[in-house]
4 protein chains.
Amino acid sequence: MAIDKTQRRLELLAAARNVFARKGYHDAKVDDIVAEASVSKGTFYLYFPDKRSIFEALADELAQQLQQAILRVDLAGNVAEQVRQNIRSVLGAFLADPTLTTIFFSYAAGLDPDFVQKVRAVEHTLLAILEEALRDGQNLGIVGQGDPGILAVFTLGGMKSLLLDACQKAPLSQEERERIVEEVFRILDHGYLRIDRQPAP
Amino acid sequence: MAIDKTQRRLELLAAARNVFARKGYHDAKVDDIVAEASVSKGTFYLYFPDKRSIFEALADELAQQLQQAILRVDLAGNVAEQVRQNIRSVLGAFLADPTLTTIFFSYAAGLDPDFVQKVRAVEHTLLAILEEALRDGQNLGIVGQGDPGILAVFTLGGMKSLLLDACQKAPLSQEERERIVEEVFRILDHGYLRIDRQPAP
Amino acid sequence: MAIDKTQRRLELLAAARNVFARKGYHDAKVDDIVAEASVSKGTFYLYFPDKRSIFEALADELAQQLQQAILRVDLAGNVAEQVRQNIRSVLGAFLADPTLTTIFFSYAAGLDPDFVQKVRAVEHTLLAILEEALRDGQNLGIVGQGDPGILAVFTLGGMKSLLLDACQKAPLSQEERERIVEEVFRILDHGYLRIDRQPAP
Amino acid sequence: MAIDKTQRRLELLAAARNVFARKGYHDAKVDDIVAEASVSKGTFYLYFPDKRSIFEALADELAQQLQQAILRVDLAGNVAEQVRQNIRSVLGAFLADPTLTTIFFSYAAGLDPDFVQKVRAVEHTLLAILEEALRDGQNLGIVGQGDPGILAVFTLGGMKSLLLDACQKAPLSQEERERIVEEVFRILDHGYLRIDRQPAP
DNA sequence: GATGAATGAGTGTTCATTCAT
DNA sequence: AATGAATGAACACTCATTCAT
């Protein structure tokens with residue numbers, strides 16, 4: 001026994017991820033997690049104060065990866081491609097951990113309020129980043145008029161749904177992933193309705 | 001005692017809605033609901049076989065209102081306005097019951113599988129309606145190219161998030177609501193990025 | 001409504017018998033009984049003060065039939081045949097209501113003590129009758145030596161088991177029933193071991 | 001805390017036996033058992049998955065002791081004494097645990113079907129052993145003619161009743177016990193009716 | 001007499017958390 | 001550091017009984 005402390009923590013985290021994946025948060029019992037990690041129950045509480053906090057640790061991980069995934073757009077470069085790259089990165093960050101993504105985005109309310117708060121916090125960070133980017137974009141003229149808050153919420157929501165949808169299916173191929181990136185980009189860039197470009201009947 | 005059976009059912013439904021709103025699904029105990037409704041526990045089980053089913057009844061209500069909210073677009077009329085009207089209706093259907101909306105769209109996975117199924121079923125119905133409309137639109141030339149499945153998921157996801165966001169805030173004024181309708185319409189119609197309409201640097 | 005009071009009581013009794021047959025005492029709910037009798041729950045309590053008492057009423061019925069079934073042996077007649085007739089009658093009284101017999105003899109302990117008492121009381125009555133008969137028989141020289149109490153308990157117990165066994169099976173034919181009568185008579189009359197009638201090895 | 005696991009199990013078993021004795025199966029609450037054992041409710045479920053299974057464990061114990069109590073009759077020895085010894089052993093096995101015996105033989109129907117099954121299973125084992133022995137005996141000429149099935153059921157039933165009767169009373173003295181053994185043996189060997197050995201009047 | 005909606009005390013079971021070893 | 005036996009508060013659900021109509 002007595003392996004490295006960090007190592008043990010990582011093992012528990014990994015076990016929790018698996019169990020959450022299989023059973024969802026509520027149905028995942030601490031017993032399941034320690035069984036998966038092959039440690040005793042006491043050990044669990046040596047590393048995490050309670051069940052929620054191991055989920056939070058997992059969530060924080062995801063949040064961090066997300067923040068790193070988004071790059072500031074540099075007007076000096078190919079803007080469209082940078083935007084595409086950001087879409088691609090965000091998609092990738094989530095798809096790297098479908099389980100966590102699913103749980104994460106699926107629980108938003110109706111749970112322990114503290115827990116919900118955690119999920120919200122991460123979302124708000126993302127939202128804030130996107131909103132600021134949109135505001136910048138408006139100043140630079142690469143984003144059209146509109147309430148940046150609404151635009152950000154809508155965009156993130158759309159991507160979330162796409163993600164959730166994708167996570168439910170078998171792992172996406174490279175092409176499928178790229179198609180999604182392209183579609184999202186197109187929606188953001190031109191929308192898809194062509195109403196007023198048609199002669200009124 | 002012995003008031004009208006339908007009335008009592010409605011009271012329980014209303015009580016449940018309130019309690020779910022205050023505490024979320026898991027934290028809402030049957031005891032809370034019956035206390036809110038001022039009936040005994042036995043009475044609850046006279047009207048609903050278990051806790052889940054009272055939630056499902058609430059969900060079904062919402063689903064029904066949603067389906068009624070969406071109208072088929074008639075090309076002979078003002079298409080843009082009809083689309084706006086659909087956006088407006090869907091928004092309205094949800095905003096009429098912020099609590100339920102929140103709970104409903106917040107739970108998607110990680111809960112009792114049977115329960116999740118319910119929520120999914122409603123979403124899929126909505127999605128199917130939208131996807132079909134988009135496909136029709138493409139044939140009629142009022143919807144641009146793109147995978148209708150992806151477009152539908154993205155659009156619904158965007159609206160969901162907007163909704164969830166709105167539900168968290170104080171009740172929306174008429175103007176705020178209309179602004180959201182307009183913004184969504186604009187995104188769908190033109191997107192918001194203006195990248196390739198700018199001269200490349 | 002408002003049919004004859006005795007009639008209603010009988011209907012409830014019949015319904016209870018059926019339900020007890022199908023489900024056993026504990027699993028038979030008052031709701032089941034009133035459903036079977038097509039009356040309301042309130043009506044049940046109009047005729048019986050509680051669930052146990054309807055069972056007791058059924059039990060009393062059985063006890064009465066039993067007592068009537070046993071005839072005093074008249075030494076002036078064919079004694080063997082009279083004993084056989086008594087065996088036959090007791091067997092018949094029980095087999096007339098296999099359900100009640102089963103429940104009745106199956107519950108003896110482990111239930112509400114009051115309830116058990118009822119069952120015991122009936123058994124004791126039977127036992128007392130038999131014991132007295134055996135005592136008489138000993139005086140008359142038609143019953144061999146032995147503790148009449150033990151003989152009575154053993155004999156009744158044996159018949160009870162035979163009965164219970166028979167009740168579990170399909171209804172007995174006339175011949176099967178007669179065979180049991182004959183076997184029991186033979187056991188009581190001669191036993192079945194032939195040990196000391198064999199030359200010791 | 002944290003005493004030996006087997007020890008704790010035994011304590012719970014003992015506590016359950018007492019409580020079942022005092023209150024019967026249905027009236028014995030898990031709360032009663034854990035109070036008797038001075039452990040928490042959680043501990044109970046650590047050792048037994050549910051209430052029924054602790055009863056089954058008790059029943060299995062009894063069944064095992066019974067099977068060990070019955071010895072195959074060896075014709076080369078004193079057959080009568082061997083039969084007496086078997087009667088004595090079976091009696092002893094039950095009387096060693098009057099409580100359990102009472103509950104065990106008193107419940108036969110009307111309870112949870114699964115539960116009943118357990119009790120029946122044990123009885124059937126006993127019956128099968130006895131029936132086979134009788135069949136052997138008939139071939140060897142030490143058991144008279146008659147349906148071995150009926151003989152077995154009757155014999156076991158008689159003993160059961162004697163047992164139940166004895167269990168209700170104060171603990172039997174050695175002499176009382178031996179008297180029962182002798183009486184049962186005599187019944188089986190010669191019966192107790194002396195009808196046709198008397199001149200008809 | 002009859003009804004059936006309402007009651008609420010009661011019960012088996014779960015599981016996150018603790019702590020003596 | 002690690003264990004795992006022990007805890008006990010919590011909860012969904014049941015059902016015999018009551019009583020206003």
Side-chain angles (χ1 to χ4, degrees), chain A residues 1-5 8 26-35 37-54 112, chain B residues 1-5 7-9 26-34 37-54, chain C residues 1-5 8 26-35 37-54 112, chain D residues 1-5 7-9 26-34 37-54:
Chain A
M1 291 121 239
I3 71 164
D4 183 75
K5 219 176 144 125
R8 177 85 355 138
H26 266 97
D27 222 32
K29 311 303 177 191
V30 174
D31 272 317
D32 298 324
I33 298 173
V34 301
S38 303
V39 297
S40 76
K41 225 148 152 192
T43 299
F44 177 92
Y45 286 91
L46 236 36
Y47 289 88
F48 299 93
D50 51 33
K51 185 186 165 190
R52 181 152 68 233
S53 72
I54 200 172
D112 327 53
Chain B
M1 289 123 235
I3 70 165
D4 183 75
K5 218 172 155 151
Q7 178 59 23
R8 177 86 352 138
R9 190 188 148 90
H26 266 97
D27 221 33
K29 310 306 175 190
V30 174
D31 272 319
D32 298 326
I33 298 175
V34 301
S38 301
V39 298
S40 75
K41 216 151 162 193
T43 299
F44 177 92
Y45 287 93
L46 227 41
Y47 289 88
F48 300 93
D50 50 32
K51 186 185 161 189
R52 179 151 70 236
S53 74
I54 200 171
Chain C
M1 294 119 237
I3 71 166
D4 183 74
K5 218 177 146 130
R8 175 89 352 137
H26 266 99
D27 222 33
K29 311 303 176 191
V30 174
D31 272 316
D32 298 324
I33 298 174
V34 302
S38 301
V39 298
S40 77
K41 224 152 156 190
T43 299
F44 178 93
Y45 286 91
L46 236 35
Y47 288 87
F48 299 94
D50 50 33
K51 185 187 165 188
R52 179 151 72 233
S53 73
I54 201 171
D112 326 54
Chain D
M1 286 119 239
I3 71 167
D4 183 74
K5 219 174 154 148
Q7 178 59 23
R8 176 87 350 140
R9 189 188 149 91
H26 266 97
D27 222 33
K29 309 306 175 191
V30 174
D31 272 319
D32 297 326
I33 298 174
V34 302
S38 301
V39 297
S40 76
K41 222 153 160 191
T43 299
F44 178 92
Y45 287 93
L46 227 41
Y47 289 88
F48 299 95
D50 50 32
K51 187 186 162 188
R52 179 151 69 235
S53 73
I54 200 172

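Heavy-atom basis, side chains included; hydrogens, waters and symmetry copies ignored. We name chains A, B, ... by the order of the sequence lines, and we start the count at 1 in each one.
E:dT11 atom C1' lies 16 Å from atom CD1 of D:Ile54, rounded to whole Å. Note: CG (C:Asp4) to P (E:dA2) measures 10 Å, nearest angstrom. One can place NZ of A:Lys29 at 12 Å from P of E:dT17, the figure rounded to the nearest angstrom. To the nearest angstrom, P of E:dT17 lies 9 Å from CZ of A:Arg52. Rounded to a whole Å, the CG atom of C:Asp32 is 13 Å from the P atom of F:dT14. Straight-line distance from the NE2 atom of B:His26 to the C1' atom of E:dC15: 13 Å, rounded to whole Å. Taking atom CD1 on C:Ile33 and atom P on F:dC15, their separation rounds to 13 Å, with Å as the unit. The CG atom of C:Asp27 sits 10 Å away from the P atom of F:dA16 (whole-angstrom rounding).
The shortest non-hydrogen separation linking B:Tyr45 to B:Asp50 is CE2-CA, 4.0 Å. Considering every non-hydrogen atom in both D:His26 and D:Lys51, the closest pair reads O-NZ, 3.6 Å. Listed here is the closest heavy atom pair of B:Asp32 and B:Asp27: OD2-O, 3.6 Å.
The partner of E:dG4 is F:dC19, judged by Watson-Crick or G-U wobble contacts that both fall below 3.5 Å. In a base pair of the Watson-Crick type (N1 to N3 plus N6-O4 or O6-N4) or a G-U wobble (N1-O2 and O6-N3), with each distance short of 3.5 Å, F:dA9 is matched with E:dT14.
For C:Tyr47 and E:dA2, the shortest distance from a side-chain N or O to OP1 or OP2 is below 4.0 Å. Under 4.0 angstrom from either OP1 or OP2 of F:dA5 there lies no side-chain N or O belonging to D:Arg8. Residue A:Thr43 has a polar side-chain atom (N or O) positioned under 4.0 Å from OP1 or OP2 of F:dT3. Within the 4.0 Å cut-off from OP1 or OP2 of E:dT17, not a single side-chain nitrogen or oxygen of A:Lys51 is found. Note on A:Lys41: every side-chain N or O is 4.0 Å or more away from OP1 and OP2 of F:dG4.
Take the nearest nucleotide of DNA chain F for B:Tyr45 and for C:Asp50: the residue whose nucleotide is more 5' is B:Tyr45. Heavy-atom distances to DNA chain E give each of A:Asp31 and D:Ala28 a nearest nucleotide, and the one nearer the 5′ end belongs to D:Ala28. Mapping C:Phe44 and D:Ser40 onto DNA chain F via the closest heavy atom, the residue that lands nearer the 5' end is D:Ser40. Heavy-atom nearest nucleotides on DNA chain E were determined for C:Ser38 and for B:Gly42, and the one closer to the 5' end corresponds to C:Ser38.
Annotation: the span from B:Lys29 atom NZ to B:Lys41 atom NZ amounts to 11.0 Å, rounded to 0.5 Å. Rounding to the nearest 0.5 angstrom, the gap separating the CZ atom in D:Arg9 from the CG atom in D:Leu46 is 12.0 Å.
Considering only heavy atoms from C-beta on, A:Val39 stays 4.5 Å or farther from A:Tyr47 through its side chain.
Checking F:dT7, E:dT17, F:dA1 against the side-chain heavy atoms of A:Val30 singles out E:dT17 as nearest. Closest to the B:Lys5 side chain, of the nucleotides E:dA5, F:dA5, E:dA6, is E:dA5.
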